[in-house]
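Proteins get letters first, then strands, A, B, ... in listed order; numbering begins at 1 in each. Source: prediction; values computed, not measured.
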Number of protein chains: 2
Amino acid sequence: MTTIKKIAECTHVSAATVSNVLNGKGGASEAKAREIRETAERLHYTPNLLAKRLKNQHSNTIGIITEDLTVFNTPEIVDGVDAACEAMGLEIILGNMRLYKRYNNDFTDTQRHQQLLDKMIEHMLSHQVEGIVYIGYHCRKLVYLPSRITVPIVYAYCYPLNQKYPAVIYDDEKAAYDLTMLMIQKGHRQIGAICGPLDSFHTLERLKGYQRALYENGILFNPQLLQYGDWSRSSGFAAAELLVPAGVTAIFAFNDEMACGVYEYCARNSLQIAKDISVAGFDNRDISADCTPSLTTAKLPLEEIGQTCTRLLTSAIDGEPPKSEITRLPCILLERESIGPCTTV
Amino acid sequence: MTTIKKIAECTHVSAATVSNVLNGKGGASEAKAREIRETAERLHYTPNLLAKRLKNQHSNTIGIITEDLTVFNTPEIVDGVDAACEAMGLEIILGNMRLYKRYNNDFTDTQRHQQLLDKMIEHMLSHQVEGIVYIGYHCRKLVYLPSRITVPIVYAYCYPLNQKYPAVIYDDEKAAYDLTMLMIQKGHRQIGAICGPLDSFHTLERLKGYQRALYENGILFNPQLLQYGDWSRSSGFAAAELLVPAGVTAIFAFNDEMACGVYEYCARNSLQIAKDISVAGFDNRDISADCTPSLTTAKLPLEEIGQTCTRLLTSAIDGEPPKSEITRLPCILLERESIGPCTTV
DNA sequence: CTGAAAGCGCTAACAC
DNA sequence: GTGTTAGCGCTTTCAG
């Protein structure tokens, strides 16, 4: 391990001088400075960040806590935080709670969850992080909050009880509204919806947007045209089996997988998507761009959530008064081929 | 910030004693010890890991470098490394190169890539990591290796030129062999294959396995029955359009997405999967379990790759002589419903 | 059983 | 310009 001290010896100066030179603080003749830099290079000097930070008393690091890194939206958000941090010269440390595998997906906000969380935060604090981004594995209200935290925290893709801390999520309602509007503009009036489970935040919000679009266009909301799936492709298929005979000309599936189920139903029943029946999805999963015809859907602003969180966090770290509110970022509407004009008279 | 010193003051002992007690080293009367522990608790003492490590001169940390965290297999591998580390009391620090977004996916092993890599490694070394796991975004031979590295490194999901360092990948060939065997056992002889691009490691390996199975069963390999896709669903569809008329009774798609394309082709052409035509995929993507009939596929041992890497790395850190070879972990065959008996005479 | 002292690698005042 | 000193928070002899 090459240290500053060793370089000092080799170049016959003091450690302080080496430090100054290596940090561009001047304080040495150009000749000496070059010599120092060269020796550092030659000896493969790598500054010891631990020592540096201990001395400087600030870590320039923020912690990212993920509920589960393997859940599909999480990595993109982490990526967004990471990118923003890199741009701002911040470092990250990652703490993955692995809730899925740990609890077999049966852990919705329990005390046990909080214990884990507290341990995680403690750990981050040990690392002297200056702030924390907490990334949920799906959007919902968090009941168990850190029992003790001494640095700012912001929530991504979930939001804390009582809005005690700022949170960044995306705007489900608006995106669902937009998608439904798109269908209405193409002349559709009998628009079926395939929801997710009723206890899902996403379902509720998307439902609101769907209903608002109907309302604003004077279309009676027909509960018959509402089916509940479980986000799976097969549940989308099953819903289509009910919806199509009921006379819908368009189906808004609350996620892409269920939309694929509708596609399959149509293929089996010789219905042509966009012509005989229009379909919209949600999430912009890989498959949505790739199916035929390509699926109109809403892209989630995952990267942006990460970026925004980082921005909120850094301003909190810089002492800005915390505004503990929920920021809703718009989804991006991806209009592709699956919605055609309504041909029914 | 509560430090050991402050606790020492409050409890009228020396910092050394506090340190001893808090680290369970004994060296204090039970009364004193309890008092110290209680004050630590009361003052919310959080040990400063930076100081601890600076002093102890080992970080107990390994670095994880990901080529791109957002590529679908990466998070699972990270998760595996993470889990293994937790079990061994190691910490991780994550370095994400974000190759995809940075280079717009046009970066296949260039000098620029290496510069980034070197910077990344330097950074890890600054953090005093004791070893590094490098996770590729897809399996291939890496040409540009770290120019200087002072700690052990092991590669996951890719392998270094000249096998300079150990690597852990999964066994494409074997899995493809098994999948093909499954079809043969069900009586199929005319088995089409939909490959990925020919320059892909995965394509080559899976092709080998496919051909070996044919060979061992005395089935002539018919190049007509081979189509090349680009891993996308639509390319699977297109391949099916060629393969089915050519008289195959089964199709082995080299990934699940292309298999879905085959499904779509069958739906459109009133062919029943498993009955009229059998299909296999690869990767065990979410959709494979969820389509109808469910898709027989190969599950990648991603977690296990992470775990194995960690094990290899720690033994290298413990001074074990490095065996620089490629470890191939078996995939898990998921036999579901998409392969039926061959009914053609 | 307890404490004083030294030092991990680095930096910031302040002398010279 | 350059060096000396002190100290970040912690642990580890070693002496009492």
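Distance alone, capped at 3.5 Å, is enough to place a donor-acceptor pair between the A:E130 side chain and the A:S59 backbone.
Sorted by residue number, the members of residues 7-16 of chain B with any non-hydrogen atom under 4.0 Å from DNA chain C read B:H12, B:V13, B:S14, B:A16. For the segment residues 44-59 of chain B, residues with any heavy atom less than 4.0 angstrom from an atom of DNA chain D are, sorted by number, B:Y45, B:P47, B:N48, B:A51, B:K52, B:K55, B:N56.
The shortest distance between side-chain heavy atoms of B:V18 and B:V13 falls below 4.5 Å. By the 4.5 Å heavy-atom criterion applied to side chains, B:T327 and B:P166 are not counted as neighbours. By the 4.5 Å heavy-atom criterion applied to side chains, B:N96 and A:D79 are counted as neighbours. A:Q128 is not listed as a side-chain neighbour of B:L49, based on a closest heavy-atom distance of 4.5 Å or more.
Residues satisfying the ring pair (Phe, Tyr, Trp, His ring centres under 6.0 Å) test with A:Y170, not counting sequence neighbours, are A:Y157, A:H202. Partners of A:K25 according to the side-chain contact (heavy atoms from CB on, under 4.5 Å) rule, which considers only residues two or more places apart in sequence or in another chain, are A:N20, A:N23.
At the heavy-atom level, A:N20 lies nowhere under 4.0 Å from the strands shown.
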So A:R148 and B:T46, side chain to side chain contact (heavy atoms under 4.5 Å, CB included) or not? Walk me through it. CA-CA 12 Å; A:R148 204 183 67 83; B:T46 314; 3.5 Å; yes
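B:E41 has no carboxylate O lying under 4.0 Å from a charged side-chain N of B:R34, or vice versa, which leaves the two without a salt bridge. Salt-bridge check for A:E67 with A:R102: failed, with every basic side-chain N at 4.0 Å or more from each acidic carboxylate O. Using a 4.0 Å cut-off between a side-chain N of Lys or Arg and a carboxylate O of Asp or Glu, A:E35 and A:K32 qualify as a salt bridge.
A nucleotide of DNA chain D counts as in contact with chain B when one of its atoms lies under 4.0 Å from a heavy atom; the first and last such, 5' to 3', are D:dC8 to D:dT12. First and last contacting nucleotides of DNA chain C toward chain B (any atom under 4.0 angstrom from a heavy atom, 5' to 3' order): C:dC1 to C:dG9.
Ring-plane geometry between A:Y137 and A:Y100 is classed as perpendicular, the angle between the planes exceeding 60 degrees on a 0 to 90 degree scale with a lower cut at 30.
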